[in-house]
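Take a look at the structure set out below.
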Amino acid sequence: MNSRAIAKTRRREVAPEAAGRPARLLEWYDRHRRRLPWRPPAGECADPYSVWLSEIMLQQTGVKTVGPYFEKFLARWPDIAALGSASLDEVLRMWAGLGYYSRARNLHACAVKVLRDHGGAFPDTEQGLQSLPGIGPYTAAAISAIAFGRRTMPVDGNIERVVSRLFAVEEPLPQAKPLIQQLAATLLGANEMEARGGGEESRVGDENSRAGDSAQALMDLGSSICTPKKPACALCPLNDDCAARVRGDQESFPRKAPKKAGALRRGAAFVVLRGDRLLVRTRPEKGLLGGMTEVPGSDWRAAQDDKTALKQAPELKGIARWHRKAGVVTHVFTHFPLELAVYTAHAPARARAPAGMRWVPVATLDDEALPNVMRKVIAHGLGDRSPHADRNHRGGARSGVRS
DNA sequence: TATCCGTGGTA
DNA sequence: TTACCAAGGAT
């Protein structure tokens, strides 16, 4: 018996409902798939560049947030050659506000590498894709399935949740990842060539499947029906044989090990004006907010007081009169909360910028690669009078200012 | 393996 | 308000 015959035999041995899952999933997807900027009309394969760009932006970032950035990037750089020819600085400026800035650096590095090493065409295998900057196991599988039709199942946070519920996976994340990956793969439809009887050229694990649709179906399902809280199980195409639903504790999946919170860090930031120009510098390439623009300031340490922080401005010694703005700017990063005291000062008309710093017109701050925490600092330092004030101002602590 | 990377939405 | 979550990757 050859391997294909064995695979078919095994498929018949599974329970009828379970065997029907891939088909039910795709039928649901064909009726309810979301229309998204990076998705072509049903039945068409998306181009690898669009798939790649959207997948990088969507890493740990919501669909709604990504939309405008994707459109903006695609309009500015319609293909890999255009993006690979752009400067890293311009890419970072366009990325500003989207977060996880190493993604932008890797995006640019990846475009350059695809042009230089692959003649401008993305590799069409998972292994080849994973060798590129910013592309890990998930993204390689996603591009492979969605853009190239390879029969593979990318597993993201949505799919982890759907699958852990469907099979009532008791093992907590992240230990359960390999098991969930294996279970998720059972939701892939049969290779179409094989399902039709196939020719010798059809191989399991190769193209001609709707793997991309199966994966996106699970993602849509996870985001609209199998939600973290109060899942709408009545609308789910897989509700018949969902193990967690049978038990009635859907929301308790996926199991997760508790995580600890980071300690509060404090520091000072200096908003120095020379006429209508602001003193800024560029952060180091690596690490937190790498390569982004900031105003000078102290480092950020646990439980640091203002006076200690103020002493960390030796470059700014020439400035005589500091004014300490009331309140502090607050910001919460993934792994620690931050409080920044803001000091303002005015420099003489012809004052030179200290080494490594530069004066930029306040009017063109939108062109800088400014992370949100710096937008908050500048808005606070300027007294919220500029058009660059915190765009999320709704009052309360989330406005970024607290007394 | 655990930690480090932003930001916005949600209940 | 707080805590969690979101189409993860690099080290």
Side-chain angles (χ1 to χ4, degrees), chain A residues 34 36-39 46 50-70 92 95-107 109-110 129-147 153-162 173-175 177 184 212 215-224 226-230 251 254 256-262 283-292 330-338 369-376 390-392 394-400 402:
Chain A
R34 290 178 291 178
L36 300 172
W38 45 89
R39 275 189 191 167
S50 296
V51 174
W52 164 70
L53 180 59
S54 65
E55 288 297 341
I56 299 300
M57 289 183 166
L58 286 163
Q59 288 167 3
Q60 297 292 283
T61 308
V63 162
K64 204 169 180 178
T65 304
V66 166
Y69 281 88
F70 177 81
L92 282 174
W95 195 277
L98 197 51
Y100 283 135
Y101 299 99
S102 67
R103 290 185 299 172
R105 294 196 296 276
N106 284 330
L107 186 84
C110 182
L129 287 163
Q130 248 194 97
S131 72
L132 297 169
I135 299 183
Y138 163 78
T139 306
I143 297 172
S144 185
I146 299 171
M153 178 61 84
V155 178
D156 71 335
N158 282 309
I159 299 182
E160 279 179 349
R161 185 172 58 256
V162 172
L173 287 171
Q175 293 87 350
K177 279 177 179 289
Q216 293 180 91
L218 285 173
M219 296 178 203
D220 282 14
L221 198 57
S223 94
S224 63
C226 196
T227 49
K229 298 186 176 175
K230 299 188 185 304
E251 283 192 30
K256 286 187 180 179
K259 50 187 167 188
K260 44 195 170 186
R283 292 178 63 89
E285 279 300 311
K286 302 253 177 186
L288 183 69
L289 304 175
M292 303 296 285
T330 64
H331 191 76
V332 181
F333 291 98
T334 315
H335 49 299
F336 67 92
L338 175 67
L370 276 178
N372 278 359
V373 62
M374 286 302 143
R375 291 179 190 269
K376 291 182 193 175
D390 187 349
R391 290 174 296 203
N392 306 312
R394 290 189 302 260
R398 284 296 288 270
S399 73
R402 200 164 60 206

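Note on naming: letters A, B, ... go to the chains in the order of the sequence lines (proteins, then strands), and numbering restarts at 1 for each one.
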Donor-acceptor pair, distance only, cut-off 3.5 Å: does the side chain of A:Asp156 make one with the backbone of A:Tyr138?
no

Taking any heavy-atom pair under 4.0 Å as a contact, classify A:Leu36: base, sugar-phosphate, or nothing.
base

Short side-chain N/O contact to C:dA10 OP1/OP2 from A:Tyr100, under 4.0 Å
no

Counting only side-chain nitrogens and oxygens, does A:His331 get under 4.0 Å of the OP1 or OP2 atom of B:dG6?
no

Identify whether any heavy atom of A:Ile159 sits under 4.0 Å from a base atom; if not, whether one sits that close to sugar-phosphate; answer base, sugar-phosphate or nothing.
nothing

Roughly how many Å is it from CZ in A:Phe333 to C1' in B:dT7, rounded to a whole number?
10 Å

Inter-residue atom distance A:Met292.CE - A:Trp95.CH2, 0.5 Å rounding:
11.0 Å

What is the nucleic acid contact for A:Val66, judged by heavy atoms within less than 4.0 Å: base, sugar-phosphate only, or nothing?
nothing

Applying a 4.0 Å non-hydrogen cut-off, can you work out what A:Leu289 is touching in the nucleic acid: base, sugar-phosphate, or nothing?
sugar-phosphate

Nearest-Å distance for atom pair CG/C1', residues A:Asn372 and B:dT7
6 Å

For a quick check of understanding: with a heavy-atom distance under 4.0 Å over all strands, which category does A:Lys256 fall into, base, sugar-phosphate or nothing?
sugar-phosphate

Using only side-chain N and O atoms of A:Lys286, determine if any of them is under 4.0 Å from OP1 or OP2 of C:dA10.
no

By nearest nucleotide on DNA chain C, pick out whichever of A:Asp156 and A:Asn106 is the more 5' one.
A:Asp156

Just call it for A:Pro137: base, sugar-phosphate, or nothing, with non-hydrogen atoms closer than 4.0 Å on any strand.
sugar-phosphate

Atom pair distance, as rounded to whole Å: CG in A:Leu98 and C1' in C:dG8
13 Å

First of A:Gln175 and A:Thr334 reached from the 5' end of DNA chain B, by closest nucleotide:
A:Gln175

Please state how far atom CG in A:Leu288 lies from atom C1' in C:dA10, giving the value in whole angstrom units.
15 Å

Could you tell me whether A:Arg105 contacts a base, only the sugar-phosphate backbone, or nothing, with contacts defined as non-hydrogen atoms closer than 4.0 Å?
nothing

Between CZ of A:Phe336 and P of B:dG6 the distance, given in whole Å, is 9 Å

Checking all strands, does A:Pro133 fall into the base, sugar-phosphate, or nothing category for heavy-atom contacts under 4.0 angstrom?
sugar-phosphate

Is any side-chain N or O of A:Thr139 closer than 4.0 Å to OP1 or OP2 of C:dG9?
yes

Applying a 4.0 Å non-hydrogen cut-off, can you work out what A:Trp38 is touching in the nucleic acid: base, sugar-phosphate, or nothing?
base

Does the side chain of A:Gln59 get closer than 4.0 angstrom to OP1 or OP2 of C:dG8 through an N or O atom?
no

Can you check whether A:Gly212's main-chain N or O pairs, donor with acceptor, with A:Gln216's side chain at less than 3.5 Å?
yes

Taking any heavy-atom pair under 4.0 Å as a contact, classify A:Ser102: base, sugar-phosphate, or nothing.
nothing

Separation of atom CD in A:Glu251 from atom P in C:dA3, rounded to whole Å
18 Å

Whole-Å gap separating P (B:dA2) and NZ (A:Lys177)
13 Å

Please confirm whether the backbone N or O of A:Ala96 pairs with a side-chain atom of A:Tyr69, one donor and one acceptor, at under 3.5 Å?
yes

Taking the side chain from A:Ser54 and the backbone from A:Val51, do they hold a donor-acceptor pair closer than 3.5 Å?
yes

Quick one: on DNA chain C, does A:Val63 or A:Ile135 contact a more 5' nucleotide (nearest heavy atom)?
A:Val63

Between atom OH in A:Tyr69 and atom P in B:dT7, what is the gap in whole Å?
9 Å

Distance between C1' atoms of B:dC5 and C:dT2 (Å, rounded)
22 Å

Over 60° means perpendicular and under 30° means parallel, so tell me whether A:His331 and A:Phe333 are parallel, tilted or perpendicular.
perpendicular

Please check this pair: side chain of A:Arg103 against backbone of A:Met57, looking for a donor-acceptor N/O pair closer than 3.5 Å.
yes

